[in-house]
Protein chains: 2
Amino acid sequence: MPTLSGKNRAKTAELFHALADETRLDILDQLKEGERCVCELTDALQTGQSRLSFHLKVLKDAGLIHDRPEGRWIYYAINSDVVEELEDLVASLKTVKKTVRPSPRC
Amino acid sequence: MPTLSGKNRAKTAELFHALADETRLDILDQLKEGERCVCELTDALQTGQSRLSFHLKVLKDAGLIHDRPEGRWIYYAINSDVVEELEDLVASLKTVKKTVRPSPRC
DNA sequence: ACAATGCATCAAGATTCATTGATCATTCAA
DNA sequence: TTGAATGATCAATGAATCTTGATGCATTGT
């Protein structure tokens, strides 16, 4: 089971940070239905190209999406394996069984 | 199935934002094992009280934790139901079946 | 009643993040 | 080869976030 703290706390925080923005949630919502090129996204989300490019980079750096250049276009798609990592991370938040513990000494 | 976009995009982004910080991940890691008062957390995480209080507020505002004042102490604990919401949200990121779609018209 | 403890909150400063417009590189079509 | 289209990147500005130290407020023990 993954733990939130530990060696890759930073990577975990980066993952969640990538999800912590409404524009990026919109992007992912689009990509859920399959890969899309940037022009389709600017079209669907009604936003500036440079803005979109910025957010795509954040998502890509976090590992949530990947790109596939094809000719003049670049298609973006969700990285399913990273989504599964995310599921594990969130699942690891579930409270473990409560054990008896010493009273606070502070 | 929840959708990332839509009515509560903002709330979703707030949830993920609360998770997008290493200190807050550390806090949650502690709370996984049961409720803790602030003094225990400052102790365990070796950090300033005011800093911790700030992050606890972020987590609480997002709904991830709740507090229970008892005498001189305030105990914090994870909100399991919100963790389950989170699981659903992450699960909703999974790519749906790819359908044939028109070529990009841009 | 007084002092001490646990914790929230505020103000100030530093840092990070997001937005916008401009520019550049690459690809394709005429 | 010239020009248009796709998309990345950079610089500048503004906004949000985090940190730290100070202050204030309950609650408890003496």
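The sequence lines fix the lettering, A, B, ..., with proteins before strands; numbering per chain opens at 1. Worth knowing before you read on, the calculation uses all heavy atoms, side chains too, and leaves out hydrogens, waters and symmetry mates.
Nearest heavy atoms, B:Ile27 versus B:His55: CD1-CB, 3.8 Å. The nearest pair of heavy atoms linking B:Leu19 to B:Leu86 is CD1-CD1, 3.6 Å. Counting all heavy atoms, side chain and backbone alike, B:Lys60 lies closest to B:Asp67 at NZ-OD2, 3.2 Å. For A:Leu31 against A:Tyr76, the heavy-atom pair with the smallest separation is CD2-O, 3.4 Å. The two residues A:Lys32 and B:Lys94 have their closest heavy-atom pair at CG-O, 4.1 Å. The heavy-atom pair separating B:Arg24 from B:His17 by the smallest distance is NH2-O, 3.1 Å.
When B:Ile78, B:Asn79, B:Val82 are each tested for a side chain to side chain contact (heavy atoms under 4.5 Å, CB included) with B:His66, only one passes: B:Asn79.
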Query raised in the report: Which letter, B, S or -, goes with each nucleotide of nucleotides 20-29 of chain D from 5' to 3', with contact meaning a protein heavy atom under 4.0 Å?
Result: BBB----SSS
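Rounded to an integer number of Å, the gap from B:Leu41 CG to C:dA8 C1' is 15 Å. In this structure, A:Phe16 places its CZ atom 21 Å from P of C:dT16, rounding to the nearest Å. Whole-Å rounding puts the A:Leu52 CG to D:dA5 P distance at 19 Å. As a whole-Å value, the separation of A:Arg36 CZ from D:dG7 C1' is 18 Å. If you measure from atom NZ of A:Lys57 to atom C1' of D:dC10, you get 12 Å, rounded to the nearest angstrom. Separating the CG atom of A:Asp21 from the C1' atom of C:dT19 is a distance of 11 Å, rounded to the nearest angstrom. In this entry the distance linking CG of B:Asp61 with P of D:dA16 reads 16 Å, nearest Å. Between the C1' atom of D:dT17 and the CD atom of B:Glu22 lies a distance of 15 Å, rounded to the nearest Å.
OP1 or OP2 of D:dT19 sits under 4.0 Å from a side-chain N or O of B:His55. At least one side-chain nitrogen or oxygen of B:Tyr76 sits closer than 4.0 Å to the OP1 or OP2 atom of C:dA8.
Relative to the side chain of B:Cys39, the nucleotides C:dG6, C:dC17, D:dA8 differ in distance, and C:dG6 lies closest.
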